[in-house]
Amino acid sequence: MIPGPAAPPVLRMSGVSKSFGATRALDGVSFELGRGEVHALIGENGAGKSTMMKVLSGALAPDAGRMEIDGRPYAPSGPLDGLRSGVAMIYQELTLAPHMTVEENVVLGREVHRAGWLDREAMRRKVRETLELVGHPEIPRDAPVGRLSVGVKQVVEIARALLNESRILVMDEPTSSLPLEDSQRLFEIIRRLRDQGVSVIYISHFLEEVQRVADRYTVLRDGRSVGSGRMEGTRLEDIIQLMVGRELTQLIPRVEHTLGETVLSLDGLKGARMAAPISLTLARGEILGIAGLIGSGRTEMLRALFGLDEVEGGAIVVSGEALAGRTPWTRIGRGLGLLSEDRQGEGLALSMSVADNMTLSDLTPYRRGGLLSPSLQRRGASSWIEKLQIKARGPAQPVADLSGGNQQKVALARLLHQKAGVFLLDEPTRGIDVVSKSQIYEWIGELAREGKAVLFVSSYLPELLGISDTIAVFHRGALVESRPVAEWDATSLMAAATVGRAPRTAPSSPRSSA
Amino acid sequence: MSRQHRDRLSKALNFFGPFIGLLLVIALFALIPEVQGRFLRFANLKSVATQSVIVALGALGMTLIIISGGIDLSAASNIALSSVIAAYAVNAGLPPLAAVALGVATGGLVGLANGALVTRLRLVPFIVTLGMMGIARGAAKWIAGNQKIDAPMTWVNELMAKTPHPPWLLLAPGVWIVIVFAVVLAVVLRSTVFGRHVFAVGSNEATARLCGIRTDRVKVLVYALAGLFCGLSGVMEFSRLTVGDPTVAVGLELDIIAAVVIGGGSLSGGEGSILGTMIGVLIMSFLRNGCTMMGWPNYIQEIIIGAIIVIAVTLDRLRHR
Amino acid sequence: MSRQHRDRLSKALNFFGPFIGLLLVIALFALIPEVQGRFLRFANLKSVATQSVIVALGALGMTLIIISGGIDLSAASNIALSSVIAAYAVNAGLPPLAAVALGVATGGLVGLANGALVTRLRLVPFIVTLGMMGIARGAAKWIAGNQKIDAPMTWVNELMAKTPHPPWLLLAPGVWIVIVFAVVLAVVLRSTVFGRHVFAVGSNEATARLCGIRTDRVKVLVYALAGLFCGLSGVMEFSRLTVGDPTVAVGLELDIIAAVVIGGGSLSGGEGSILGTMIGVLIMSFLRNGCTMMGWPNYIQEIIIGAIIVIAVTLDRLRHR
Amino acid sequence: GKKTSDASASGGAKALSLAVIPKGTTHEFWKSIHAGAARAARELGVEILWKGPQKEDDRAQQITVVEDFISRGVDGIVLAPLDDRALMRPVRDAVREKIPVVIIDSALQGSDYVSYVSTDNYKGGVLAARRLGELLGGQGRIFLIRYQEGSASTVQREAGFYDTVKKEFPGLVLLVQDQYAGATTETAYQLAENLISRFPDVEGVFAPNESSTFGTLRALQESRLAGKVVFVGFDSSPKLIQGLRDGHIQGLVLQNPDKMGYLGVKTIVAHLRGEPVEKIIDTGVVLATLDNMDAPEIRALLSPDLTLIDD
Ligand SMILES: Nc1ncnc2c1ncn2[C@@H]1O[C@H](COP(=O)(O)OP(=O)(O)OP(=O)(O)O)[C@@H](O)[C@H]1O
Ligand SMILES: Nc1ncnc2c1ncn2[C@@H]1O[C@H](COP(=O)(O)OP(=O)(O)OP(=O)(O)O)[C@@H](O)[C@H]1O
Ligand SMILES: [Mg+2]
Ligand SMILES: [Mg+2]
């Protein structure tokens with residue numbers, strides 16, 4: 001199925017450039033996509049992947065360069081043009097209409113109609129089929145999307161992209177919030193599409209995943225393509241070397257740390273939107289990983305814990321003292337800090353500057369005689385930009401202009417800056433490249449070494465297994481199992497997450513039945 | 001099944017919910033001994049219905065605009081301009097039907113201009129329509145020569161006659177026109193691709209664009225349609241006043257917007273319904289009518305209506321919890 | 001260095017940008033032979049400045065509210081209510097200072113009520129303040145007994161005297177009060193934690209909450225502060241008219257909002273500046289003044305002002321590209 | 001509520017209930033009408049309901065008010081129509097429901113009403129023009145400040161003023177004549193201020209109603225022109241009386257709103273009781289000046305007795 005060099009490419013991009021003000025996001029990038037191939041696009045945060053794909057889909061107009069589809073010049077005037085030419089895309093940042101239902105979102109722009117009149121039955125059928133295809137027939141089709149969790153939203157987006165009959169399907173980090181199960185199902189779908197002759201461009205920072213699904217790859221660095229080839233026979237290390245220009249020895253570094261006394265304990269905490277009360281404890285210097293499927297209630301637990309949702313019952317004890325008050329403000333006062341999984345909707349104030357976003361939760365260091373000094377604030381932010389190697393023009397740049405991964409780093413920097421004692425991290429590495437990821441793991445380790453406590457929610461099992469001391473598993477809103485990391489492996493974690501209990505000894509592949 | 005049961009209950013509540021505010025207002029006055037007997041008489045209901053026509057037509061278009069995430073402050077000026085144009089045309093000896101068409105078309109043109117400015121210049125609708133509010137009002141005064149235009153009586157003036165000409169109509173033709181357009185628009189919003197796209201643009205414009213919806217076209221269409229409704233409303237205003245008055249309906253845009261919001265429309269877009277809006281219009285009309293029949297001084301009336309707006313929306317929010 | 005150079009240029013443009021609209025308007029009239037000589041005379045500038053005081057004070061508070069993502073439709077009613085209260089107090093024989101304090105406090109209370117309703121009931125500010133608009137206006141008419149309140153002349157009336165009492169003041173004390181408060185508020189917005197929090201709440205309320213900002217408290221404070229400014233504006237209105245008039249300033253809220261938006265404020269929150277707002281106020285005042293001096297009929301004025309609002313905001317958007 | 005009723009001698013019979021509908025409710029002028037109407041109501045033992053359009057000067061709203069009172073079933077209506085045409089239909093509706101209507105203050109076309117009780121507004125404008133012309137000796141540069149677009153009674157005053165100036169005082173130069181002061185004092189103030197900036201050498205000013213007169217007075221006082229410019233206004237209020245006394249105003253054209261309200265109610269009651277009434281009743285205009293302002297009949301007009309309507 002993989003075309004030989006003789007087969008003409010479906011898509012050819014050459015010399016494509018795009019600048020945002022002073023930022024050169026794409027610098028004469030070239031790219032070729034064969035028919036019926038899965039092509040991975042790889043690169044650091046801010047390398048220009050999303051920008052390149054937006055140019056392809058017609059969402060952005062390039063400053064220079066040419067594109068051809070099937071040998072014919074292709075210059076889309078907008079996303080509609082792109083769709084008509086057979087380019088469908090899943091965007092990195094969730095793009096759903098929050099007031100509309102799942103069904104309406106899936107068919108948006110592709111409504112089945114007769115002379116303008118909607119054919120509800122036909123759409124209902126199509127949506128049901130597509131949701132079944134992605135393995136989530138249980139998603140309520142009549143629920144407004146705004147009420148769903150990030151993971152479910154991502155499934156809805158995938159369903160939407162699959163609904164369109166396209167020749168080129170672009171997926172920009174479709175699995176950043178998906179657990180393994182769902183990712184695997186997606187890969188099956190991708191393979192099936194490939195076999196039907198659809199070409200897929202796949203962007204992800206999960207390199208093993210990429211290696212499994214892709215036929216060929218292209219690596220972007222600083223808006224230029226620095227290498228491409230067949231996936232088969234290429235080592236991950238080589239790709240990483242291409243990406244970052246140096247070798248990376250350890251993907252998940254472990255920092256030695258020791259556990260101290262208990263700093264946080266939940267005793268039957270029940271939030272307004274939680275299915276069941278939760279009890280758990282967290283010690284100083286502990287990294288507590290939390291695993292679970294989409295909608296298993298991890299985020300909701302964090303939100304109740306942090307005072308974003310109403311607490312209906314139970315107690316939260318921090319450093320031996322029960323937590324009074326009901327707002328995030330009181331939580332921050334007691335040393336808690338939360339990283340939101342929804343960075344654009346909640347995590348960041350997009351129209352404000354990088355500096356403001358980093359320091360918003362603690363402006364006291366920048367006060368001089370009652371007044372705030374913007375220059376001190378900028379200086380403070382600059383040091384974090386350097387420390388976290390954030391790709392930004394400077395502390396005054398609006399966060400909206402940064403690439404997805406760099407936005408995430410800004411959100412993380414805020415927690416580090418506010419000197420929290422208990423870190424509640426909800427999918428902290430979502431959309432972050434391998435190099436930065438390993439940096440983040442290192443910081444988390446450092447935090448633990450300094451005696452901070454970390455609650456680490458993730459859908460990415462290798463990182464959970466790699467850096468946690470303990471892993472707790474959520475299933476349908478309840479905490480079903482908590483064990484030291486040594487007693488877990490990928491299979492038993494999956495089993496616990498899907499059926500709600502895990503065998504003591506790791507058995508062979510339990511498939512989901514829930 | 002308890003779940004199913006609850007679902008059905010909440011559906012019922014959602015259906016009747018919007019009426020609660022209206023029923024409360026009606027009950028309030030129906031129980032006061034002083035006006036009791038007369039408040040619910042058909043003659044009074046008829047005049048409330050007729051009084052609602054102008055705001056209702058404006059609010060139909062405003063519902064579209066608000067669902068699509070916009071706002072139209074020029075609605076009231078547009079109504080005044082259209083009524084002046086219609087009067088001018090009748091006065092100039094045009095056949096009444098042509099005058100009506102001209103009035104409606106004027107409204108449509110103003111709406112089209114709003115839409116074009118919003119989409120071409122990428123300005124916020126608040127500003128575009130604030131500017132248009134002055135422009136349309138100025139133009140109305142200009143055309144009318146700073147005076148009202150006296151036009152000879154024609155059948156156009158029958159449109160808002162409380163006692164309609166073929167008596168079996170029962171209600172003024174204007175009321176029937178509102179009812180027909182409300183039904184049509186409700187169906188359009190629910191069951192056409194266009195309606196769906198209006199919601200999508202209001203809910204998340206970026207998403208709509210990425211999904212291949214021609215958002216600019218949708219918006220222009222929405223503003224133009226709303227303009228046509230304002231034009232029709234202006235014709236009704238002319239019909240009711242029997243003169244073209246450039247100073248009419250000052251500040252009415254806020255009443256129109258309030259009606260939409262009381263009816264569940266959200267100013268951030270993506271939410272709203274025709275049924276809700278119509279109920280919002282009736283709530284305000286019944287309040288005014290009741291207060292006047294009671295002979296309460298205007299300031300009391302102003303205070304009560306202000307309070308009711310807040311209360312009605314609060315009830316609506318509670319219902320949605 | 002070209003890069004540095006360009007940066008500096010764009011900084012300069014950003015600094016002068018807001019003034020461009022104002023300078024254009026002034027140049028427009030300064031060049032028309034008919035009024036040329038008189039338009040730029042100090043006496044005329046003085047009266048434009050004095051005329052701007054009332055809108056300017058309202059717009060200072062409105063800037064805060066709009067930055068925080070809200071809106072206040074009750075501003076004008078609040079001004080009327082406060083001016084009535086101040087007149088009432090002077091009339092009742094209270095010392096003028098107490099009357100001023102009462103007027104300002106009234107405005108603050110109305111603002112506080114707005115803030116409390118917005119945060120407690122979680123209603124959209126548009127609706128809360130639309131309701132409050134009716135309530136405050138009704139209350140003003142009630143207290144004034146549907147009449148102007150005639151109050152004896154006191155030093156309060158000197159606040160808006162075009163030729164101030166110690167002549168070295170040059171401008172009316174009210175103008176100086178605006179200048180002082182504008183500077184203070186600009187500093188507060190730029191260089192205090194509270195100011196930063198106001199921007200954060202307007203930019204993304206969820207983020208602000210996540211960062212431990214007590215968003216409700218910020219919002220209540222913003223509305224209350226804006227209310228105090230309306231109260232002060234009401235006192236100035238009383239000072240200028242020498243009577244407490246409950247019907248004053250009808251529709252002025254749209255002028256106030258327009259000034260903020262012309263000055264770069266965004267109705268979706270997170271953007272706006274005091275300097276911009278003050279320029280917006282002056283643009284509108286100079287336009288009115290110039291049009292009247294030209295003797296243009298009112299409808300032309302209305303049309304021109306409507307058009308300028310759109311043009312000014314368009315220029316501002318272009319500058320930001 | 002605003003019911004001014006009286007347990008009068010008429011004993012068992014149900015008191016008549018009358019609607020009195022002004023153009024607005026917040027000017028002193030309307031308060032005086034209200035006072036006159038209330039006085040008549042007390043004398044005659046009837047009940048009056050006082051209610052104007054919610055927004056001042058809004059034709060559509062006034063129609064609504066008339067309709068709502070028809071719905072309520074009042075016995076008679078005293079109406080100051082905002083428009084001589086637009087109010088015809090509701091008045092006809094009232095008559096059809098057997099509710100008689102007396103028109104006060106401004107005219108109504110047609111003949112569905114019982115009687116028309118009003119000031120001769122045009123004559124008021126003539127009086128003002130003569131006063132101004134005489135004081136200026138027939139020579140000078142003057143402003144005609146207009147009130148609001150489409151307001152019939154002030155349009156007539158402006159017309160009376162304008163025609164008289166053209167006819168009798170050709171030496172007077174109208175510097176402005178199509179500038180509208182708008183509905184409130186503040187807008188009038190700003191207009192006058194801006195006009196004075198443009199024409200600081202103005203010698204005479206006429207303003208056609210209370211709010212525009214007061215706004216102009218404030219502007220003149222602020223520009224130190226009060227007393228130097230010949231200023232003739234319309235209607236009265238305490239501040240305007242003070243202006244007259246201080247020599248800042250050289251003349252106020254006064255109507256007799258109290259009489260208008262009084263006669264309006266009196267006429268409708270007479271009609272309802274089957275007595276014959278005049279079709280047109282003129283309540284007269286006079287000019288108040290510094291010299292005659294303390295004469296009792298002028299004083300009664302300048303500061304009418306409003307004690308009957310305290311609410
Ligand atoms: N709208 C914008 N305005 C200004 N700069 C932008 C904008 N969008 C992207 N950029 C810049 O362009 C560069 C490339 O961004 P892009 O989003 O394409 O990166 P990416 O490879 O997708 O990164 P990630 O893996 O983090 O998603 C970044 O430096 C980013 O800051
Ligand atoms: N499959 C689903 N169908 C419908 N609703 C779902 C589904 N999954 C999750 N939800 C919604 O999401 C909520 C739980 O999501 P939450 O964000 O707490 O879970 P999570 O474990 O963090 O998962 P995620 O990875 O999606 O963030 C539920 O209340 C439910 O409303
Ligand atoms: Mg990206
Ligand atoms: Mg989650």
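Basis for what follows: all heavy atoms, side chains included, without hydrogens, waters or symmetry-related copies. Below, read A as the first sequence line, B as the second, and so on, with proteins coming before strands; counting in each chain starts at 1.
- Between chain B and the options C:L117, C:I303, C:I311, C:I300, heavy-atom pairs under 4.5 Å are most frequent for C:I303.
- For a residue to count as touching a neighbouring chain, one of its non-hydrogen atoms must lie under 4.5 Å from one of that chain's; by this rule B:L267 touches chain C with the side chain only.
- B:N114 places no side-chain N or O within 3.5 Å of a backbone atom of B:Y223 that could act as its donor or acceptor partner.
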Stepwise side-chain contact (heavy atoms from CB on, under 4.5 Å) test for B:L275 and B:F19: CA-CA 9 Å; B:L275 178 64; B:F19 293 98; 4.1 Å; yes

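- Taking chain B as the reference chain and counting heavy-atom pairs below 4.5 Å, the highest number among C:E302, C:Q301, C:M133 is found for C:E302.
- For B:V128, the part sitting under 4.5 Å from any heavy atom of chain C is the backbone (N, CA, C, O) and nothing else.
- Counted by atom type alone, B:S52 and B:S285 present one or more donor-acceptor pairs between their side chains at under 3.5 Å.
- Contacts between B:N146 and chain C at a heavy-atom distance below 4.5 Å involve the side chain alone, from C-beta outward.
- Within the 4.5 Å cutoff, the side chain of B:V110 has heavy atoms near those of the B:M132 side chain.
- Between the side chains of B:T277 and B:T63, a donor-acceptor pair is found at a separation under 3.5 Å.
- Your options are C:N298, C:I262, C:I309, and the one with the most heavy-atom pairs under 4.5 Å with chain B is C:I309.
- Proximity to chain C is limited to the side chain of B:I257, based on heavy atoms less than 4.5 angstrom apart.
- Residue B:I143 does not touch chain C at all, counting heavy-atom pairs closer than 4.5 Å.
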Stepwise side-chain contact (heavy atoms from CB on, under 4.5 Å) check, B:V243 with B:F238: CA-CA 6 Å; B:V243 298; B:F238 164 59; 5.8 Å; no

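- Of the atoms belonging to B:L123, it is side-chain heavy atoms, and not backbone ones, that fall under 4.5 Å from chain C.
- At least one side-chain heavy atom of B:E253 sits less than 4.5 Å from a side-chain heavy atom of C:L254.
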